[in-house]
Amino acid sequence: MAATLAAPLVVAPPAAADAALRVHAAARGKFIGYAAATGPLANEAAYRTIAASEFNQVTAENAMKWDATEPSDGNYTFAGADQVVAFATANNQQVHGHTLVWHSQTPSWVQGLSASAMRTAMQDHIATVAGRYADNPALVSWDVVNEVFDDNGNMRTSFWYNTLGQSYIADAFRYARAADSNARLCINDYNVEGINAKSTAMYNLVRQLRADGVPVDCVGFQGHLAIQYGFPSQVQQNLERFAALGVQVRITELDIRMQMPRDSAKDTTQATYYRNVVQACLAVTACAGITIWGFTDKYSWVPDVFSGEGAALPWDANYSPKPAYTAIHDALDDGSGPGPDPDTTPPTTPGTPVASGVTSSGVSLSWTPSSDAVGVTGYDVLRATGASGGTFAVVGTPTSASFVDSGLTASTTYRYQVRARDAAGNVSPASSAVSVTTTTGGGGPGPSSSCRVAYTISPWGGSSGFTAGVVLTNTGTSALSNWTLAFSLPSGQRITPPGWSATWSQSGQAVTAAPLSWNSTLPAGGSTTIGFNGTHTGGTGEPTAFTVGGSSCTVV
Ligand code: 9MR
């Protein structure tokens with residue numbers, strides 16, 4: 001007999017016009033998976049190429065079931081299961097184990113056992129099968145029990161139920177947790193995708209199990225749909241009500257069959273159903289992802305079970321993608337082309353600007369910075385003239401949350417708003433407006449500088465702390481009493497109270513320092529040194545403008 005060469009496990013992705021499903025799914029924080037048939041996975045190039053390149057998750061279609069792993073009492077065989085895990089590992093895919101306890105595909109030797117022998121067999125099977133992969137990082141989850149309900153939402157009167165009663169469910173989960181303390185443990189069923197009597201029975205069971213402390217982490221919604229029966233109602237809402245119980249949810253066995261022959265209208269309906277399921281999962285944070293039950297019509301359980309039906313999968317029997325593939329792809333991709341989706345979320349609305357250092361011709365503004373999932377790149381400062389009315393126009397585009405406006409008219413009211421921008425060009429809503437009236441020209445503190453500030457920041461190496469020192473000098477010709485120094489700290493910097501030699505306060509990025517009794521009067525030419533410790537989120541820039549009593553200081 002000729003030796004058979006094992007096919008290599010890693011399969012290079014084809015040159016694709018657009019990124020694979022797994023790229024887009026990962027960008028959305030979801031898995032997209034397939035059910036693996038071990039035959040073509042071993043030796044069919046087209047199958048292997050798609051399996052490796054399009055999916056980042058896999059469930060063994062049959063290879064981990066009881067009849068495959070323990071065909072006779074205590075005799076375990078893992079060839080198919082290991083094959084699926086090895087291919088997944090080589091192609092950076094996570095594995096969902098399916099399934100430990102089911103009424104189907106369980107050998108007859110189990111079905112005839114007495115209650116105590118059946119419970120022991122179940123415990124041994126779970127310990128051995130789940131235990132085999134407990135330390136394997138690829139295997140992240142298990143269907144512990146499968147299809148425990150009948151179609152009306154009553155307990156299925158399987159041999160498990162008839163022999164052990166409903167307690168077999170809780171026992172199975174506890175045995176699974178003991179066998180693999182890290183795996184996510186799921187209960188899985190069909191016809192529970194929408195809100196109906198069966199899904200409500202599932203909901204009540206999961207809630208009760210969790211209330212009883214049974215380790216149910218996840219609920220699987222199989223998703224064996226058929227276009228002739230209509231799309232299930234309220235799929236997203238159903239996923240959300242389970243998520244509210246604290247479990248992860250997932251679509252585990254998605255396929256959407258049709259009555260043959262296939263035609264383009266049926267393909268279009270099928271594509272819509274696939275898109276609807278993917279969108280429902282995308283809309284629910286607790287939905288981990290979607291597994292398609294196979295991927296090519298060449299290998300599908302449907303024609304064997306539903307006479308005259310088929311074409312349920314996104315690739316046809318020749319491995320050509322169908323409209324269903326495009327629908328899944330575009331739902332995951334949101335139509336943006338190859339690579340991760342663009343950032344379409346604007347930064348949060350910045351805080352209302354705080355005015356300080358108002359003079360007859362200028363004002364310092366600072367505000368609570370915006371946040372953004374990717375990063376704020378800058379702000380627009382908008383100004384309108386007058387206490388009301390007028391038009392807001394951009395007067396500055398600082399990169400941090402402060403701005404000094406100048407060239408204003410004395411004794412005039414202005415209103416300022418700010419809005420934030422990110423690198424993708426998203427713009428936040430404008431903040432509320434602050435109203436500022438410039439001081440009268442001539443009298444009072446004029447624009448000529450009568451103070452000088454030397455500001456020094458000393459970052460602490462390797463941490464987010466710094467020390468700032470300020471030397472304030474009265475450069476006027478008479479004593480300066482009860483001075484208040486005002487300036488805007490760069491975005492991301494905060495004073496750590498109390499500071500020293502002054503009473504420091506911070507609102508947004510606006511900072512004021514008021515003197516203590518001993519330095520409240522600075523004679524002409526006199527100085528005082530004040531300072532504070534602070535924290536920063538990366539930038540250790542210095543303030544650029546300082547005022548005392550509304551007059552700008554010279555900065556050295
Ligand atoms: O797709 C599986 C098929 O190859 C098997 O012959 C069949 C045996 O019952 O199981 C199929 O997978 C089922 C899955 O394990 C549980 N949910 C329903 C799936 C379709 O029948």
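In listed order, ligands and their atoms are each counted from 1.
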Other residues, nucleotides, ligands: >12 heavy atoms within 6.0 Å of N92 CG: no
Parallel, tilted or perpendicular: ring planes of Y76 versus F78, cut at 30 and 60 degrees: parallel
N/O contact list for ligand 1, threshold under 3.5 Å:
unit_1	atom_1	unit_2	atom_2	d
ligand 1	1 (O)	E61	OE2	2.4
ligand 1	1 (O)	W293	NE1	2.9
ligand 1	4 (O)	E61	OE2	3.3
ligand 1	4 (O)	N62	ND2	2.9
ligand 1	9 (O)	Q105	OE1	3.3
ligand 1	10 (O)	K65	NZ	3.1
ligand 1	10 (O)	Q105	OE1	3.4
ligand 1	12 (O)	K65	NZ	3.4
ligand 1	12 (O)	W293	NE1	3.3
ligand 1	15 (O)	K65	NZ	2.6
ligand 1	15 (O)	H98	NE2	2.7
ligand 1	17 (N)	E147	OE2	2.8
ligand 1	17 (N)	Q222	OE1	3.1
ligand 1	17 (N)	Q222	NE2	3.3
ligand 1	17 (N)	E253	OE1	2.6
ligand 1	17 (N)	E253	OE2	3.4

Gap separating the OG1 atom of T252 from the CD1 atom of I292, nearest 0.5 angstrom: 12.0 Å
Centroid-centroid distance, W301 to F306, less than 6.0 Å: yes
Centroid-centroid under 6.0 Å between F295 and Y325 rings: no
Any donor-acceptor pair under 3.5 Å from E54 side chain to L21 backbone: yes
